[in-house]
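Some notes on the structure that comes next.
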Amino acid sequence: MKLDTLNEEQKEAVTYLNGPLLILAGAGSGKTKVLTSRIAYLIEKGVNPYNILAITFTNKAAAEMRERVIKLIGGEASMMQISTFHSFGLRLIRENNEYLNLDNNFAIFDTEDSLTAIKRVLKRLDIDSNKFSPKAFRNRISSLKNDLIMPVDFKRYARGDFDELLEKVYPEYQKELRDNNAVDFDDLLILPIKLFKENPNILLKYQERFQFILIDEYQDTNEAQYRLSKMLANYYKNICVVGDSDQAIYGFRGANFKNILNFEKDYKNCKTIILKKNYRSTKMILDAANSVIKNNINRHPKELESVKEVGEKVTYYRAKNGLDEVKFIASTINDLQKKNVSLDDIVILYRTNAQSRVFEDEFLKLNIPYRIIGAVNFYARREIKDLLAYLKVINNPRDAISLLRSINTPKRGIGNKSIEEIIEKSNEESISLFDAISSGKALNYKNLILELQEESTHLSLTELVEEVLSKSGLREELEKENSVEAETRLENLEEFKSITKAFEDKYGLISLPDFLYEVSLISDNTEVTDSANRVTLMTVHSVKGLEFNYVFITGLEEGLFPHMNALESNSEIEEERRLCYVAITRAKEKLYITNARTRVLYGKDTINPVSRFINEIDDDLIEKVNNEDNYLTKNNEVKKVLMNNDEESIFKVGDFAYHNVFGTGKVISIEKSIIKIAFKMPYGIKTLMKNHPSLHKIEE
């Protein structure tokens, strides 16, 4: 393959063949190009594609990697295993299901299915779900699994009343999975580890097969992913990981960025290569990012170098309030449009989803087209979940979660009492819910499933979906409703057949189990596929891996970004700073940062100091636009305000002061760090922290 399109560091990373390799890939440094080129180079040097394993974190990234490798080396790339961790785990389980006491048609419970299973357990254990949230149990169990803590080990970690209940709930939840011939998403990672621990010969088989292992976004691995990777690589130790400790932003999901920091300790003869050249952002933007992230202690030190022009300074606007912030951004967008900038090239980033509301409201008024990334995805829509429930029961009648969802959907006169009787019979006779159905209207449902099971043996997937829609009553119910919402839901159900058709075109006549496994692994679809020219709105977490010419980072205030939940922990502040770094490095041509003196959030007025991240950007990189913090107008006289960013403002009784919300007032008393000021009505006397950033002394 040609190496002349690579820079020196990239070339070294591609051609280093044997032994552990750590590639520290800064933002915009071409890591995907390096990974795919490395795979092609390995094959060119005689490595069988069958012996290569490439792992990344999203189905989209895996598909992109596969397409790039195919372009480089051709069809033999299809012999490679390129997938997400969960897809790879599923493959290991399916190939060895008998060692894990699973039937070959086992179900995969998504988060909603798991939540339903938790609710059933709580009801069985007589635990009040109003007092103890089922979601809290589900999330804690997921976290424990990702840390490889199983029910038998949990007792030593239990603390408090909730954990005492969890000691009972956790093993019962695992029993619920076994009874349903099901696994949850976390099991896709931990069951392969269990398989390998209990069957060294099976582990050796996969170790010998996967002689070269490549893992993308290694900073995002959790304990289970780390352990699985290490087990597989322990034989040949030809493991190449790519990542960036400065872009580790998923600690809340259980990711442990220390995995990448400790890679050189795990593999003593490790080769480390740093990709420093950034091909995305201008020098001004990159310098701003570097000046922020250098304040983190736990990182691999590096300074990214832009290969692009110097570019414009970072524009900073401090708004009066949240509405003023939006209006400034809207005005700037209009100016950009006058310069023929496409709205598709613009993104607005915020720390919390709640911040999007004011943008939506104002953009609708101002007729600015927008799209919000992170809306409910296709497979999470109610009607699609209902259809999938039917398909899952047809495939695996022991799937009680899907059965309970579909048995009375649409309404067919099966009441709660009838369902409780079925559950009671199932428990008494130790049989599945499906087998426990023997009479009444529920028997009609059972016969329908048996009929559809029989038809599934000779129908294509698309034909089977059509039969389910017709015979279940799902379509008829929506047609009778005759509303706009029902019409949309009908369109979604019909669109599902486009998906099955696409699978059939891609794979031929694949089986129902294969189709359901593929659907279960599809990531949350956060991308908007329409081609309309729109501004993109999204959280800073969602923007990872994307890039835009023009980026607005909003709400840069203490308590908002960094988030209030992180303010008391140095490690969490460092993650917030990495999140800011990721946001900054999404910008290619121009970066805008904004905040507000006051804003309404979650229905409350909030007053937050300027984010520390703004103060960490070097002054010579920032251009302040229409910043009104420095001047006040009173009686047509301009008075300078002494800003108290770092130094204490020295107040004495009788001084005049200005507050960002309450306006001008007179100091009436001071005691240590507390100050009382008499403001004009309707505010009156307020007791304040003397050095709060919202309070400024006025020089007469």
Side-chain angles (χ1 to χ4, degrees), residues 57-60 84-90 93 102 106-123 127 129 132-151 162 166 169-191 220 222-225 250-255 353 373-393 395-396 399-406 409 492 496 515-527 539 541-542:
F57 272 79
T58 68
N59 289 292
K60 178 186 174 184
T84 64
F85 270 106
H86 287 91
S87 295
F88 179 60
L90 173 59
I93 295 170
L102 288 166
F106 63 88
I108 300 175
F109 279 10
D110 62 17
T111 53
E112 188 174 327
D113 295 331
S114 295
L115 186 61
T116 303
I118 292 289
K119 289 176 180 176
R120 293 186 66 197
V121 168
L122 296 183
K123 186 174 182 180
I127 295 173
S129 60
F132 297 97
S133 165
K135 285 186 178 179
F137 283 110
R138 183 196 65 191
N139 294 342
R140 187 71 192 285
I141 289 173
S142 177
S143 177
L144 289 169
K145 284 190 171 187
N146 282 316
D147 286 336
L148 300 178
I149 299 172
M150 303 311 294
F162 180 83
L166 188 60
V169 172
Y170 192 3
E172 282 297 310
Y173 170 71
Q174 291 298 96
K175 181 178 181 297
E176 187 80 8
L177 289 173
R178 289 194 300 273
D179 290 348
N180 282 274
N181 185 36
V183 300
D184 62 21
F185 252 62
D186 300 312
D187 289 331
L188 299 183
L189 298 176
I190 65 173
L191 286 180
D220 294 334
N222 60 28
E223 181 65 23
Q225 291 160 338
Y250 296 123
F252 67 98
R253 293 182 185 169
N353 277 305
I373 304 300
V376 176
N377 78 334
F378 183 82
Y379 293 97
R381 293 169 186 169
R382 188 178 77 191
E383 62 275 15
I384 300 302
K385 295 285 286 185
D386 291 341
L387 174 55
L388 279 169
Y390 274 94
L391 295 175
K392 288 178 180 180
V393 176
N395 176 59
N396 175 20
D399 183 348
I401 303 301
S402 296
L403 184 147
L404 290 173
R405 183 183 185 101
S406 58
T409 304
N492 290 334
F496 193 91
F515 174 72
L516 291 174
Y517 289 136
E518 289 283 349
V519 168
S520 296
L521 292 170
I522 293 176
S523 302
D524 286 346
N525 182 17
T526 56
E527 293 178 280
T539 66
H541 278 103
S542 299

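Atom-to-atom distance recorded for Phe496:CZ and Glu383:CD is 11.5 Å, nearest 0.5 angstrom. We find the CZ-CD1 distance between Phe185 and Ile190 to be 14.0 Å, quoted to the nearest 0.5 Å. With values rounded to the nearest 0.5 angstrom, Leu122 atom CG is found 6.5 Å from Ser129 atom OG. Taken to the nearest 0.5 Å, the CZ atom of Arg138 stands 10.5 Å off from the CG atom of Asp113. Summarising the geometry, atom CG belonging to Asp184 is positioned 6.5 Å from atom CD belonging to Gln174; distances are rounded to the nearest 0.5 Å. Atoms CG and CG, from Asp399 and Asp179 in turn, are 12.0 Å apart once rounded to the nearest 0.5 Å.
Closest non-hydrogen pair, Tyr517 versus Phe106, comes out as OH-O, 2.9 Å. Of all non-hydrogen atoms in Lys145 and Leu177, the two that sit nearest each other are NZ-CD1, 3.7 Å. Nearest heavy atoms, Val393 versus Ser406: CG2-OG, 4.0 Å. In terms of heavy atoms, Ile141 sits closest to Ile118 at CD1-CD1, 3.7 Å. Smallest separation of non-hydrogen atoms from Pro171 and Leu166: CD-O, 4.1 Å. When all heavy atoms of Asn180 and Ile401 are compared, the closest pair comes out as OD1-N, 3.8 Å.
Asn181 has its side chain within reach of Leu102: a pair of non-hydrogen atoms, C-beta onward, lies under 4.5 Å apart. With contacts defined as side-chain heavy-atom distances shorter than 4.5 Å, the pair Arg405/Glu112 qualifies. Asp110 is listed as a side-chain neighbour of Lys385, based on a closest heavy-atom distance under 4.5 Å. Residues Leu188 and Phe85 have side chains not in contact (no heavy-atom distance under 4.5 Å, counting atoms from C-beta outward). In this structure the side chain of Thr116 never reaches within 4.5 angstrom of the side chain of Leu404, judged on heavy atoms.
With hydrogens and angles disregarded, a donor-acceptor distance shorter than 3.5 Å links the side chain of Ser520 to the backbone of Leu516. Judged by distance alone, with hydrogens and angles left aside, the side-chain atoms of Gln225 form a donor-acceptor pair with the main-chain N or O of Asn222 at under 3.5 Å. A donor-acceptor pair is defined here as one N or O able to donate and one able to accept, closer than 3.5 Å; no such pair exists between the side chain of Asp186 and the backbone of Asn146.
Ring-centre distance between Phe137 and Phe162: below the 6.0 Å cut-off.
Tyr173 and Ser114 form a side-chain donor-acceptor contact under 3.5 Å, judged by distance and modelled atom types alone.
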